[in-house]
Asks: 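First the structure, which I've put down as structure tokens, then a few questions once you've had a look.
Lettering of chains follows the sequences in order, A, B, ..., and the numbering in each one begins at 1. No experiment lies behind these values; they were computed from the predicted model shown.
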Amino acid sequence: MKKTKKSKDFYDKVYQVVRSIPYGRVTSYGAIAKFIGSPQSARMVGWALNVSHKVQPPVPAHRVVNRNGLLTGRSHFAGNYIMEDLLKSEGVEVENNGIVDFEKKYWEPSNNSLRSNDN
DNA sequence: GCGGTGACGAAGC
DNA sequence: AGCTTCGCCACCG
């Protein structure tokens with residue numbers, strides 16, 4: 001009964017990592033892609049997040065921004081304000097479509113964090 | 001089955 | 001320093 005995971009594995013990993021993002025933290029597509037094993041496949045991460053809205057438990061895609069810290073995918077949410085509003089609600093300051101102190105808020109995916117949240 | 005596209009990223013110009 | 005091209009691979013027509 002092998003199911004030939006194919007790309008499903010990639011998607012699943014993306015969701016796992018994104019869900020593991022701590023409150024008030026953000027990460028980048030490339031970081032997730034790299035963590036998965038395809039550092040150049042950052043686009044696939046974005047595509048995975050594109051369908052993440054129908055995945056459950058819900059994936060906090062608003063915590064995922066590009067490597068610049070810009071909210072590039074905000075227009076893919078229910079509203080253009082959703083992503084920014086959610087981030088602000090979590091204590092992440094957003095200005096000019098970008099995350100303030102992105103380096104401080106930046107969270108890098110790690111296997112340790114997937115098992116238990118102990119930073 | 002192929003070409004165009006994409007919530008990215010890095011390199012090239 | 002800003003724009004363009006390539007790569008990556010899955011999805012859509």
Side-chain angles (χ1 to χ4, degrees):
Chain A
M1 76 186 219
K2 296 288 242 347
K3 300 173 58 172
T4 39
K5 297 180 179 180
K6 291 197 276 192
S7 58
K8 203 61 186 310
D9 182 60
F10 189 94
Y11 279 53
D12 184 60
K13 286 180 179 174
V14 174
Y15 302 144
Q16 289 294 314
V17 174
V18 177
R19 287 195 209 113
S20 301
I21 301 174
Y23 183 93
R25 291 290 174 105
V26 293
T27 191
S28 64
Y29 305 96
I32 297 170
K34 191 172 186 177
F35 173 74
I36 291 171
S38 301
Q40 307 298 28
S41 302
R43 307 174 114 165
M44 305 294 84
V45 178
W47 195 257
L49 292 177
N50 188 30
V51 284
S52 66
H53 71 95
K54 68 178 183 183
V55 182
Q56 54 183 241
V59 179
H62 60 274
R63 292 181 186 155
V64 184
V65 295
N66 69 355
R67 119 98 152 114
N68 276 313
L70 300 177
L71 283 56
T72 50
R74 73 178 195 181
S75 46
H76 287 258
F77 285 82
N80 293 324
Y81 58 95
I82 300 293
M83 189 173 188
E84 183 177 330
D85 185 57
L86 285 169
L87 288 171
K88 287 181 179 177
S89 299
E90 297 186 356
V92 180
E93 299 178 67
V94 179
E95 186 173 278
N96 190 17
N97 248 7
I99 295 177
V100 182
D101 294 324
F102 177 62
E103 296 180 33
K104 292 182 181 178
K105 306 296 184 181
Y106 186 73
W107 174 86
E108 185 178 0
S110 59
N111 288 305
N112 190 19
S113 299
L114 290 175
R115 292 165 180 261
S116 62
N117 188 0
D118 181 67
N119 190 18

Asks: Remember a base hit wins even if backbone is also touched, and classify A:Asn50 as base, sugar-phosphate or nothing at under 4.0 Å, heavy atoms.
Replies: base
Asks: Considering only heavy atoms of chain A and a distance under 4.0 Å, specify the first and last nucleotide of DNA chain B in 5' to 3' order that meet this criterion.
Replies: B:dG6 to B:dA10
Asks: Counting only side-chain N and O atoms of A:Tyr11, is one of them less than 4.0 Å from OP1 or OP2 of C:dC9?
Replies: no
Asks: Could you check whether any side-chain N or O of A:Arg63 sits under 3.5 Å from a backbone N or O of A:Ile21, counting only pairs where one atom can act as donor and the other as acceptor?
Replies: yes
Asks: Between C1' on C:dC11 and CG on A:Leu49, what's the gap in Å once rounded to a whole number?
Replies: 15 Å
Asks: For A:Arg67, does the CZ atom sit with more than 12 other heavy atoms under 6.0 Å from it, leaving out its own atoms?
Replies: no
Asks: Could you check how far CZ of A:Arg43 sits from C1' of C:dT5, rounded to whole Å?
Replies: 11 Å
Asks: Taking atom P of C:dC3 as reference, at what distance in whole Å does atom CG of A:Asn68 sit?
Replies: 13 Å
Asks: If each of A:Met44 and A:Gly30 is mapped to the nucleotide of DNA chain B with the nearest heavy atom, which maps nearer the 5' terminus, i.e. the 5' end?
Replies: A:Met44
Asks: For A:Ser38, answer base if it contacts any base atom (sugar-phosphate contacts may also be present), sugar-phosphate if it contacts only those atoms, and nothing otherwise; contact means non-hydrogen atoms under 4.0 Å.
Replies: nothing
Asks: Using atom types as modelled and distance alone, determine if a side-chain donor or acceptor of A:Tyr15 lies under 3.5 Å from a backbone N or O of A:Pro57.
Replies: no
Asks: Just wondering, do A:Thr27 and A:Phe35 contact through their side chains at under 4.5 Å, heavy atoms?
Replies: no
Asks: May I ask you to say what A:Ala61 touches in the nucleic acid, namely base, sugar-phosphate or nothing, with a heavy-atom cut-off under 4.0 Å?
Replies: base
Asks: Taking NZ from A:Lys54 and P from C:dC11, how many angstroms apart are they, rounded to a whole number?
Replies: 9 Å
Asks: Tell me, do A:Val65 and A:Phe102 make a side-chain contact under 4.5 Å, heavy atoms counted?
Replies: yes
Asks: What is the distance, rounded to the nearest whole Å, between atom OH of A:Tyr15 and atom P of C:dA10?
Replies: 13 Å
Asks: Whole-Å distance between C:dC8 P and A:Asn66 CG?
Replies: 21 Å
Asks: Testing A:Asn80, A:Asn97, A:Asp85 for side-chain hydrogen bond (donor to acceptor under 3.5 Å, both in side chains) with A:Arg74, which one passes?
Replies: A:Asn97
Asks: What's the gap between B:dA7 and C:dG2 when it is taken at their P atoms, as a whole Å value?
Replies: 22 Å
Asks: Could you state whether A:Val51 and A:Val14 fall into the same hydrophobic cluster, counting links through intermediate Ile, Leu, Val, Met, Phe, Trp or Tyr residues with side-chain heavy atoms under 4.5 angstrom apart?
Replies: yes
Asks: In whole angstrom, give me the gap between the P atoms of B:dG3 and C:dC6.
Replies: 15 Å
